[in-house]
Amino acid sequence: MDNEKFTPGPWSLLFNDKTKVVFENKGVAIFVADTYGGFTKNEIEEEANAALIAAAPEMYEELKLHCARCMWAHPSCERCDTCKTMKVLKKARGEK
């Protein structure tokens with residue numbers, strides 16, 4: 001399950017003229033996402049989108065942990081391909 005090609009977390013929020021999601025590496029904020037694109041309704045929605053994006057790496061790790069626990073508890077289960085959690089993890093990794 002370690003097929004991740006995305007920028008590792010944790011990600012955090014940077015509030016300046018526009019809300020951005022960043023990954024900090026050796027004291028340098030590396031841009032991950034800018035939630036302002038002119039399509040948001042207001043600043044509250046922009047910040048909420050940024051918070052959701054910033055939480056993505058942590059949510060991903062929790063879903064991986066959930067799957068590992070499930071596989072440990074049910075080693076003979078053959079439903080991983082139809083499991084909603086596994087589908088979300090695959091989607092996050094860009095898999096089909």
Side-chain angles (χ1 to χ4, degrees):
M1 245 196 293
D2 293 331
N3 305 354
E4 297 92 6
K5 296 176 181 89
F6 45 77
T7 305
W11 296 347
S12 58
L13 302 180
L14 174 65
F15 296 103
N16 52 17
D17 58 332
K18 303 290 183 221
T19 304
K20 295 178 175 58
V21 179
V22 297
F23 166 72
E24 189 174 323
N25 187 7
K26 298 178 184 172
V28 177
I30 300 169
F31 175 75
V32 175
D34 186 344
T35 60
Y36 176 80
F39 63 87
T40 54
K41 296 176 191 167
N42 53 43
E43 192 173 302
I44 293 170
E45 184 177 76
E46 177 185 326
E47 291 178 9
N49 289 344
L52 180 63
I53 294 166
E58 293 168 79
M59 291 190 292
Y60 181 83
E61 290 301 320
E62 286 300 314
L63 289 175
K64 277 182 28 178
L65 184 58
H66 171 79
C67 281
R69 287 179 181 148
C70 185
M71 287 183 220
W72 179 80
H74 310 284
S76 62
C77 181
E78 297 176 5
R79 292 183 297 187
C80 283
D81 289 335
T82 60
C83 172
K84 288 182 183 182
T85 304
M86 186 61 77
K87 286 181 181 181
V88 170
L89 287 170
K90 286 181 179 181
K91 183 178 180 179
R93 290 190 298 260
E95 298 172 9
K96 302 262 180 194

Exercise for the section: Take V22 and W11, measure what side-chain contact (heavy atoms from CB on, under 4.5 Å) needs, and give me the verdict at the end. Expected result: CA-CA 5 Å; V22 297; W11 296 347; over 6 Å; no
Exercise for the section: Looking only at non-hydrogen atoms, find the nearest pair between A50 and L13 and report the distance. Expected result: O-CD2, 3.3 Å
Between [atom1] on residue [X] and [atom2] on residue [Y], distance to nearest 0.5 Å:
{"X": "E61", "Y": "L89", "atom1": "CD", "atom2": "CG", "answer": "9.5 Å"}
{"X": "E62", "Y": "C67", "atom1": "CD", "atom2": "SG", "answer": "11.5 Å"}
{"X": "C77", "Y": "M71", "atom1": "SG", "atom2": "CE", "answer": "9.5 Å"}
{"X": "M59", "Y": "L52", "atom1": "CE", "atom2": "CG", "answer": "5.0 Å"}
{"X": "R93", "Y": "K5", "atom1": "CZ", "atom2": "NZ", "answer": "9.0 Å"}

Problem - Test side chain to side chain contact (heavy atoms under 4.5 Å, CB included) applied to C83 - qualifying residues, sequence neighbours left out - result: T85, M86
Practice task
Side-chain contact test, heavy atoms from C-beta onward, threshold under 4.5 Å: evaluate it for E4 versus K64 and give yes or no.
Solution key: yes
Practice task
Step by step, work out the side-chain contact (heavy atoms from CB on, under 4.5 Å) result for V21 and S12.
Solution key: CA-CA 6 Å; V21 179; S12 58; over 6 Å; no
Problem - Cluster check F6, L63: I/L/V/M/F/W/Y, side chain < 4.5 angstrom - result: yes
